[in-house]
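One structure is given here, and the rest of the page talks about it.
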Amino acid sequence: MEVSNREVAEQLSLMGDLLEILDGNAFKVRAYRRAAEVIGRMAAPVAGMEEDELAALDGIGTGIAKKIREIEETGTFPELEDTRSNMPSTLIDLLNIEGVGPKTIKTLWRKLSIQSVEDLERAARGHRIRAIKGFGEKKEQGFLKAIALFREQSGRMTRLQADAVVERVRQVLAEGTFEFAGSYRRGKSTVGDIDIVVSESPALVNPRLRTVADEMIEEGDRRTSIRCLGTRVDVRFASPRQFGSMLLYLTGSKPFNIKLREMAMDRGLKLNEYGIFDHKTGKMHTFGREEEIFSFLGMDYVVPELREDWGEVDAAVHHALPTLVTIQDIMGDLHVHSEWSDGNFSLRDLAHEGEKRGYRFLVCSDHSATLGITHGLDEEALRRQQHEIEMINRGGSDCQLVKGVEVDILADGSLGLPDTILADLDVVIASVHSALTQEIDQMTRRVLSAMENENVDIIGHPTGRILGERHPAEIDMDRIIAHAVETGTALECNASPYRLDLDDSQIKEAVSRGARIAIGTDAHKPAELAYMQFGVTTCRRGWATPGAILNTRSLSEFLEWASS
DNA sequence: GCCGTTTTCGGCCCGACTGTTTTCAGTCG
């Protein structure tokens with residue numbers, strides 16, 4: 001069986017972790033992690049690529065290219081196995097404990113034979129750690145606390161969870177004196193912690209933060225960290241005249257910051273979170289707003305969503321950044337469920353809610369009958385629903401309902417409803433809901449064959465991932481995108497904060513190759529129509545212009561696209 | 001390990017906070 005990109009990325013990332021503990025060369029560690037990240041977001045499977053093709057990729061050289069080949073042939077590579085044999089594999093779990101890094105792990109392992117989180121916990125409880133030089137009572141307590149936290153926390157938050165933390169912290173901050181930063185501001189589909197830049201003084205803000213904090217993690221004049229609703233919140237203080245520099249720094253991403261700082265370095269400048277230091281003149285330039293920094297560096301402004309070191313820095317230097325789609329461009333929602341299947345909306349409510357949002361159209365896309373659990377529609381029900389839609393539309397709502405369906409792509413690639421029915425509908429979304437563990441080639445051919453059906457307009461949530469719960473299905477996104485372009489089938493960006501599927505990097509690939517993207521909230525109740533913002537943000541992160549997004553078309557343009 | 005409009009060698013972003021220290025290492029963002 002062919003090795004997947006995710007598996008290759010995991011092996012390279014593991015190598016980075018092991019090296020961090022054993023070898024200590026931070027640049028080598030960074031190189032492995034960077035390579036893992038690059039492989040992780042590639043559409044084309046690395047299996048089958050030539051070594052020189054791989055080495056041509058940014059961040060991958062001849063060394064790692066060779067290792068990828070070896071992973072494909074043997075499932076691993078010699079350096080990884082060598083490194084592994086020199087240490088217990090459970091050591092790397094310790095990297096996930098806050099406050100425990102590679103040096104600490106090495107010391108604990110050498111001096112106390114600590115090999116796992118359990119070992120560390122026992123040693124701390126038994127007060128055996130304070131015996132080591134450089135360690136004390138507070139470290140022991142810190143380890144125990146961090147272990148408890150590690151066990152109750154399960155990775156990154158959805159955007160909805162992040163919003164809850166943001167709202168709580170916002171209550172104690174004064175309007176106009178702060179800005180949320182980090183991955184939250186960049187619009188990432190999941191968020192690890194919350195970062196905020198605040199212009200009021202720490203003396204003023206720290207006591208207020210205390211009132212919404214589960215605990216104060218650290219408290220300083222320049223930086224304060226709290227735990228809020230179980231989430232780490234990092235606050236950086238900046239005077240108004242340095243606010244722009246701090247916001248830029250804290251928004252990241254880390255690779256973006258490094259890229260920008262390297263670029264500044266090339267020009268004899270030092271960029272940090274306080275400003276730009278000119279080595280020649282000895283002058284420190286400060287910036288109240290981010291825009292001024294980009295302008296000082298002779299680049300276009302890079303919006304937070306693009307700051308990932310995916311090519312945006314060069315594009316900004318060459319004034320070649322795309323004009324991104326905005327929420328104001330959105331004319332309608334392309335994937336909504338009503339009470340005719342498993343949704344809570346009546347059709348009339350739907351039209352009304354769409355009107356309230358200023359939409360010109362909504363695609364009613366209830367499930368087909370093959371999906372037993374969701375009371376799917378059969379031919380009879382569909383016809384009755386279509387009749388009702390016509391009645392409502394005749395009422396003259398500003399938001400017209402579009403007759404659609406979300407039909408299952410069955411395990412063999414056939415569809416859950418006959419062509420005769422599909423042909424009567426304006427929009428057909430075809431989605432995989434079952435047999436999600438098929439092998440990559442079978443899953444890919446299954447979706448390709450759905451695209452072959454001339455009635456199918458959109459492939460719904462193409463990878464089927466559920467954030468934090470279900471990995472994306474193994475599917476060859478390279479072939480899917482190629483066929484989407486060929487057949488004129490759109491790929492969905494499912495805007496549910498639990499899916500966001502396609503993801504940002506897949507959208508970037510699809511858009512760059514001319515594929516069309518359909519944003520659908522998959523709303524089952526009125527409040528979920530607001531998920532549109534998550535879909536738009538994800539598409540912006542994927543460099544999508546309004547022209548690439550079907551939702552920006554007028555109703556007639558959209559229907560024309562669907563019928564062609 | 002990667003990379004290169006000076007370079008195939010010698011660089012690789014930069015700073016805050018804590019704990020355990022008599023000046024700094026380690027971790028983190």
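Letters A, B, ... mirror the listed sequences (proteins, then strands); counts begin at 1. This structure is a prediction, so every number in the text was calculated from the model and none was measured.
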Check every atom of [options] against the side chain of [X] and return the nucleotide holding the closest atom.
{"X": "Arg223(A)", "options": "dT20(B), dC13(B), dC17(B)", "answer": "dC17(B)"}
{"X": "Ala31(A)", "options": "dG19(B), dC2(B), dG15(B)", "answer": "dC2(B)"}
{"X": "Ile64(A)", "options": "dC14(B), dC2(B), dG19(B)", "answer": "dC2(B)"}
{"X": "Glu262(A)", "options": "dC14(B), dG29(B), dC12(B)", "answer": "dC12(B)"}
{"X": "Phe27(A)", "options": "dG1(B), dC14(B), dG26(B)", "answer": "dG1(B)"}
{"X": "Lys103(A)", "options": "dG19(B), dT27(B), dC13(B)", "answer": "dT27(B)"}
{"X": "Asp195(A)", "options": "dG29(B), dG19(B), dC14(B)", "answer": "dG29(B)"}
{"X": "Arg236(A)", "options": "dC12(B), dA16(B), dT27(B)", "answer": "dA16(B)"}

Between [N] and [M], how far apart are the two [atom1] atoms, rounded to whole Å?
{"N": "dA16(B)", "M": "dG11(B)", "atom1": "P", "value": "25 Å"}
{"N": "dT5(B)", "M": "dG1(B)", "atom1": "C1'", "value": "24 Å"}
{"N": "dG26(B)", "M": "dT21(B)", "atom1": "C1'", "value": "13 Å"}
{"N": "dA25(B)", "M": "dT20(B)", "atom1": "C1'", "value": "10 Å"}
{"N": "dC2(B)", "M": "dT6(B)", "atom1": "P", "value": "24 Å"}
{"N": "dC17(B)", "M": "dC13(B)", "atom1": "P", "value": "22 Å"}

Do [X] and [Y] meet the criterion of a side-chain donor-acceptor pair at a distance under 3.5 Å?
{"X": "Thr190(A)", "Y": "Arg156(A)", "result": "yes"}
{"X": "Arg465(A)", "Y": "Tyr498(A)", "result": "no"}
{"X": "Glu81(A)", "Y": "Thr76(A)", "result": "yes"}
{"X": "Asp163(A)", "Y": "Tyr184(A)", "result": "yes"}

What integer distance in Å separates [X]:[atom1] from [N]:[atom2]?
{"X": "Lys270(A)", "N": "dG15(B)", "atom1": "NZ", "atom2": "P", "result": "4 Å"}
{"X": "Leu95(A)", "N": "dG26(B)", "atom1": "CG", "atom2": "P", "result": "15 Å"}
{"X": "Leu94(A)", "N": "dC28(B)", "atom1": "CG", "atom2": "P", "result": "12 Å"}
{"X": "Glu20(A)", "N": "dG1(B)", "atom1": "CD", "atom2": "P", "result": "16 Å"}
{"X": "Ile217(A)", "N": "dT27(B)", "atom1": "CD1", "atom2": "P", "result": "17 Å"}
{"X": "Glu37(A)", "N": "dC2(B)", "atom1": "CD", "atom2": "C1'", "result": "15 Å"}
{"X": "Glu219(A)", "N": "dC17(B)", "atom1": "CD", "atom2": "C1'", "result": "12 Å"}
{"X": "Arg130(A)", "N": "dG19(B)", "atom1": "CZ", "atom2": "P", "result": "14 Å"}

Return no unless some side-chain N or O of [X] is found under 4.0 Å from OP1 or OP2 of [N].
{"X": "Ser225(A)", "N": "dC17(B)", "value": "no"}
{"X": "Arg232(A)", "N": "dG29(B)", "value": "yes"}
{"X": "Arg222(A)", "N": "dA16(B)", "value": "yes"}
{"X": "Arg33(A)", "N": "dG1(B)", "value": "no"}

Touch check for [X], heavy atoms < 4.0 angstrom, all strands: base, sugar-phosphate only, or nothing?
{"X": "Lys67(A)", "result": "sugar-phosphate"}
{"X": "Val100(A)", "result": "sugar-phosphate"}
{"X": "Lys28(A)", "result": "base"}
{"X": "Leu271(A)", "result": "sugar-phosphate"}
{"X": "Asp234(A)", "result": "sugar-phosphate"}
{"X": "Gly59(A)", "result": "sugar-phosphate"}
{"X": "Lys133(A)", "result": "nothing"}
{"X": "Glu79(A)", "result": "nothing"}
{"X": "Leu260(A)", "result": "nothing"}
{"X": "Tyr32(A)", "result": "sugar-phosphate"}

Is any NZ, NE, NH1 or NH2 atom of the basic residue among Glu290(A) and Arg185(A) found under 4.0 Å from an Asp or Glu carboxylate oxygen of the other?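 The answer is yes: the pair qualifies as a salt bridge.
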Carboxylate-amine/guanidinium proximity below 4.0 Å for Glu218(A) and Arg223(A):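 So Glu218(A) pairs with Arg223(A) through a salt bridge.
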For the residue pair Phe534(A) and Tyr531(A), categorise the inter-ring angle as parallel (less than 30°), tilted (30 to 60°) or perpendicular (more than 60°).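 The arrangement is tilted - the two ring planes meet at 30° to 60°.
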Hey, can you tell me if Phe287(A) and Phe296(A) have their rings parallel, tilted or perpendicular (30° and 60° cut-offs)?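 If you compare the ring of Phe287(A) with that of Phe296(A), the planes turn out perpendicular.
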How do Asn272(A) and Glu137(A) order along DNA chain B: which one's closest nucleotide is nearer the 5' end?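 Mapping each residue to its closest nucleotide by heavy atoms, the 5'-most match is Asn272(A).
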Contact nearer the 5' end of DNA chain B, comparing Leu269(A) with Arg34(A):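 Nearest-nucleotide comparison on DNA chain B picks Arg34(A).
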Is there a donor and acceptor pair closer than 3.5 Å between the side chain of Tyr249(A) and the base of dG29(B)?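 Side chain to base: pair present.
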Find the partner of dA16(B): check Watson-Crick (N1-N3 plus N6-O4 or O6-N4) and G-U wobble (N1-O2, O6-N3) distances, both under 3.5 Å, and reply none if neither fits.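 Base-paired to dT27(B).
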